[in-house]
A.B. asks: 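Please find one structure pasted underneath; my questions will follow.
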Amino acid sequence: MLQKVEVYSYAGYKVYTFAVAESVQSDYIVTDISGLTPVKSEFGLDPHINYSGSAVQTTRVGPRNIIITLRYAVGPGRIESARQYLYRYLDPKAPTTLKFVYEDGMVYNISARIEDTSSSIFEKDPQVTLNFICPDPYFYSNKSVTFDMVGENPIADRFALGNAETGFYVEISGNPKASYYSISNGIDMPLVWYGRLASDQSLEVSTVRGRKYLKVRQPDGSWTSGLDDITDGTMALTVGGARNYFSVRSQSESIPISYRMNVLPKWVGL
């Protein structure tokens with residue numbers, strides 16, 4: 001169950017806590033949230049004069065709006081100050097981060113900007129409605145998911161990343177018999193690392209935004225850069241799209257490759 005919604009400023013400071021069903025102590029209680037379900041996809045269509053219908057030229061997921069309605073959980077004489085306090089950090093166009101916190105400890109983030117604020121002032125039980133627009137329509141998780149895999153054939157290790165991952169981290173265990181390691185996601189050109197690893201070494205690759213690297217981990221924990229041994233492909237290894245499959249291969253199916261993959265999920269809706 002959703003416990004609370006936290007609002008963070010562009011500088012990373014928590015400025016508000018909106019309690020859901022009075023689950024936590026807060027000056028603001030959520031009475032309604034809309035816009036958490038998946039958004040519609042948008043299609044660019046071009047008509048064809050030779051036959052009925054159109055052809056799909058482009059597809060995308062457009063921005064979403066999240067509308068949060070609050071009531072005040074403050075004593076008499078404090079509603080006005082609580083209302084004014086909402087205006088302090090929710091200035092129109094101001095960038096924010098909304099964090100949806102659940103009872104099981106899961107947290108989902110989405111980047112937002114305040115588009116509109118409407119407040120009822122002359123009512124017995126005044127409320128305020130906050131309209132956030134989210135240019136990036138996905139909810140991101142802070143908790144990654146880990147998979148241990150062995151690539152013994154072209155099918156068994158093709159884990160389907162789908163279109164709900166933001167990046168991945170993979171640690172490949174060294175196999176002295178492997179003369180190269182090919183990392184593929186089914187979209188970009190495979191990243192080929194032509195190097196030798198001892199059984200106590202590992203190759204670590206990260207495509208997470210802001211933390212991209214390729215390095216060789218030594219038995220003592222130290223590491224050296226492995227970028228010089230890339231012979232083909234790029235470090236892009238994008239994620240997303242219906243054809244997004246992940247695999248690690250060596251020069252032969254008879255040389256199995258063991259690896260641990262760590263992915264950071266995102267969702268189109270909560």
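Sequential numbering from 1 along the given sequence is applied to the chain's residues.
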A.B. asks: Quick one: hydrophobic cluster around V56, which other residues, with the 4.5 Å side-chain cut-off, linked directly or via members?
C.D. replies: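 Its cluster partners, ordered by chain and number, are F43, L45.
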A.B. asks: Is there a side-chain contact between P219 and Q201, using heavy atoms and a 4.5 Å cut-off?
C.D. replies: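 The answer is yes; the side chains approach within 4.5 Å.
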A.B. asks: Would you check if the side chain of N175 reaches a backbone N or O of P256 as a donor-acceptor pair within less than 3.5 Å?
C.D. replies: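 Between the backbone of P256 and the side chain of N175 there is a qualifying donor-acceptor contact (under 3.5 Å).
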A.B. asks: Taking 4.0 angstrom as the limit, do R217 and E204 come out as a salt bridge?
C.D. replies: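 Yes.
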A.B. asks: Taking the side chain as everything from C-beta on, heavy atoms only, tell me whether V128 gets closer than 4.5 Å to T117.
C.D. replies: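 V128 vs T117: side chains touch.
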A.B. asks: Within the 4.5 Å heavy-atom criterion, are I114 and T96 side-chain neighbours or not?
C.D. replies: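 They are not in contact (no side-chain heavy atoms under 4.5 Å apart), so the answer is no.
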A.B. asks: Under the criterion side chain to side chain contact (heavy atoms under 4.5 Å, CB included), which of Y89, Y28, Y16 is the partner of V7?
C.D. replies: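 In the set Y89, Y28, Y16, the residue that makes a side chain to side chain contact (heavy atoms under 4.5 Å, CB included) with V7 is Y16.
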A.B. asks: If you look at every heavy atom in S54 and P47, which pair is closest and at what distance?
C.D. replies: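 Closest approach of S54 to P47: OG-CA, 3.6 Å.
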A.B. asks: Which value, rounded to the nearest 0.5 Å, describes the distance between F132 atom CZ and R64 atom CZ?
C.D. replies: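 Nearest 0.5 Å value for the CZ-CZ distance: 14.0 Å.
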A.B. asks: Can you find a heavy atom in the side chain of E115 that is under 4.5 Å from one in the side chain of P92?
C.D. replies: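 Answer no - side chains too far apart.
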A.B. asks: Would you name the heavy atoms of I255 and K177 that are closest together and state the gap between them?
C.D. replies: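 So the minimum-distance heavy-atom pair works out to CD1-O, 3.4 Å.
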A.B. asks: How many angstroms lie between atom OG of S9 and atom CG of D91, to the nearest 0.5 angstrom?
C.D. replies: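 Answer for the OG-CG pair, S9 versus D91, is 12.5 Å.
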A.B. asks: Should S202 and Y259 count as side-chain neighbours, where that means a heavy-atom distance under 4.5 Å?
C.D. replies: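 Side-chain contact under 4.5 Å: no.
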A.B. asks: Do V216 and L197 have side chains that approach each other closer than 4.5 Å (heavy atoms only, starting at C-beta)?
C.D. replies: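 Yes, their side chains come closer than 4.5 Å.
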A.B. asks: Determine whether V30 and I79 fall in the same hydrophobic cluster, where Ile, Leu, Val, Met, Phe, Trp and Tyr are linked whenever their side-chain heavy atoms lie under 4.5 Å apart.
C.D. replies: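 Shared cluster, yes.
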A.B. asks: In sequence, state the C-alpha distance, the side-chain angles, and the governing distance for K4 and E6, and then conclude on salt bridge (Lys or Arg N to Asp or Glu O under 4.0 Å).
C.D. replies: CA-CA 6 Å; K4 58 184 175 179; E6 297 177 341; 3.2 Å; yes
A.B. asks: Enter the distance from Y13:OH to T97:OG1 here, rounded to the nearest 0.5 Å.
C.D. replies: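 Those atoms lie 14.0 Å apart.
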A.B. asks: Mind checking the CG-CG spacing from L203 to D229? Nearest 0.5 Å is all I need.
C.D. replies: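 These two atoms lie 9.0 Å from each other.
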A.B. asks: Taking all atoms of both residues into account, what is the closest heavy-atom pair of Y181 and G195, and its distance?
C.D. replies: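 In this case the closest contact between Y181 and G195 is CE1-O, 3.9 Å.
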A.B. asks: Does atom CD of Q25 have more than 12 heavy-atom neighbours from other groups under 6.0 Å away?
C.D. replies: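 No, CD of Q25 has 12 or fewer neighbouring heavy atoms, counting only those of other groups under 6.0 Å.
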A.B. asks: Do you reckon I67 sits in the same ILVMFWY cluster as I110, going by side-chain contacts under 4.5 Å, direct or chained?
C.D. replies: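 No: no chain of side-chain contacts under 4.5 Å links I67 to I110.
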A.B. asks: Would the W267 and Y138 ring centres measure less than 6.0 Å apart?
C.D. replies: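 No, ring centres 6.0 Å or more apart.
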A.B. asks: Could you report the tightest heavy-atom contact between S206 and Y169, atom names first, then the distance?
C.D. replies: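 Looking at all heavy atoms of both residues, the closest pair is CB-CD1, 4.1 Å.
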A.B. asks: Is the terminal nitrogen or CZ of K99 (NZ for Lys, CZ for Arg) located under 6.0 angstrom from the six-membered ring centre of Y8 and within 45° of that ring's axis?
C.D. replies: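 Here K99 passes the 6.0 Å and 45° test against Y8.
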A.B. asks: Less than 4.5 Å apart, any side-chain heavy atom of Y72 and any of P126?
C.D. replies: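 Contact flag for Y72/P126 side chains = yes.
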A.B. asks: State whether the side chain of Q251 and the backbone N or O of S179 hold a donor-acceptor pair below 3.5 Å, judged by distance alone.
C.D. replies: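 Checking the backbone N and O of S179 against the side chain of Q251, a donor-acceptor pair under 3.5 Å is found.
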A.B. asks: Inspect the surroundings of OH in Y10 and state if more than 12 heavy atoms from other residues, nucleotides or ligands are less than 6.0 Å away.
C.D. replies: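 For Y10, atom OH is not crowded (no more than 12 foreign heavy atoms under 6.0 Å).
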A.B. asks: May I ask you to test the I257-I172 pair for a side-chain heavy-atom distance under 4.5 Å?
C.D. replies: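 A side-chain contact under 4.5 Å exists here.
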A.B. asks: Establish whether F18 and M106 are linked, either directly or via other cluster members, by ILVMFWY side-chain heavy-atom contacts under 4.5 Å.
C.D. replies: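 In one cluster: yes.
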A.B. asks: Mind listing the closest non-hydrogen atom pair of S182 and P190 along with its distance?
C.D. replies: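 Residues S182 and P190, closest heavy atoms: OG-CB, 3.5 Å.
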A.B. asks: Kindly determine whether L86 and L70 satisfy side-chain contact (heavy atoms from CB on, under 4.5 Å), including the steps that lead there.
C.D. replies: CA-CA 11 Å; L86 278 177; L70 308 171; 4.3 Å; yes
A.B. asks: Restricting to non-hydrogen atoms, name the atom on S111 and the atom on C134 that form the minimum distance, rounded to 0.1 Å.
C.D. replies: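 S111 and C134 have their closest heavy atoms at O-CB, 3.4 Å.
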A.B. asks: Looking at OH of Y108 and CG of L98, how far apart are the two atoms once the value is rounded to the nearest 0.5 Å?
C.D. replies: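 These two atoms lie 15.5 Å from each other.
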A.B. asks: Could you go through V39 and V268, starting from their C-alpha distance and side-chain angles, then the distance that decides it, and tell me whether this counts as side-chain contact (heavy atoms from CB on, under 4.5 Å)?
C.D. replies: CA-CA 7 Å; V39 293; V268 293; 5.6 Å; no
A.B. asks: If hydrophobic clusters are built by linking Ile, Leu, Val, Met, Phe, Trp and Tyr wherever their side-chain heavy atoms come under 4.5 Å apart, do F139 and Y102 end up in the same one?
C.D. replies: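 Result: yes, single cluster for both.
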A.B. asks: Test R260 against V170 for side-chain contact (heavy atoms from CB on, under 4.5 Å), laying out the working first.
C.D. replies: CA-CA 6 Å; R260 170 170 290 186; V170 61; over 6 Å; no
A.B. asks: Could you grab the distance from atom CD1 of I66 to atom OG of S34, nearest 0.5 Å is fine?
C.D. replies: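 Here the interatomic distance stands at 8.5 Å.
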A.B. asks: Same cluster for L2 and I29 if Ile/Leu/Val/Met/Phe/Trp/Tyr side chains link at under 4.5 Å?
C.D. replies: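 L2 and I29: separate clusters.
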A.B. asks: Apply side-chain contact (heavy atoms from CB on, under 4.5 Å) to V5 and I68, showing your working.
C.D. replies: CA-CA 10 Å; V5 181; I68 302 177; 4.2 Å; yes
A.B. asks: Could you tell me whether the side chain of W193 and the main chain of Y180 form a donor-acceptor pair under 3.5 Å?
C.D. replies: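 No: the side chain of W193 does not pair with the backbone of Y180.
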A.B. asks: Identify which one of V20, V107, N109, L270 satisfies the side chain to side chain contact (heavy atoms under 4.5 Å, CB included) criterion when paired with F100.
C.D. replies: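 For F100, the side chain to side chain contact (heavy atoms under 4.5 Å, CB included) test succeeds with only one of V20, V107, N109, L270, which is L270.
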A.B. asks: Taking the basic N atoms (NZ, or NE/NH1/NH2) and the acidic carboxylate oxygens, is any pair closer than 4.0 Å for E42 and K40?
C.D. replies: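 Looking at K40 together with E42, the answer is no, because their closest N to O distance does not fall below 4.0 Å.
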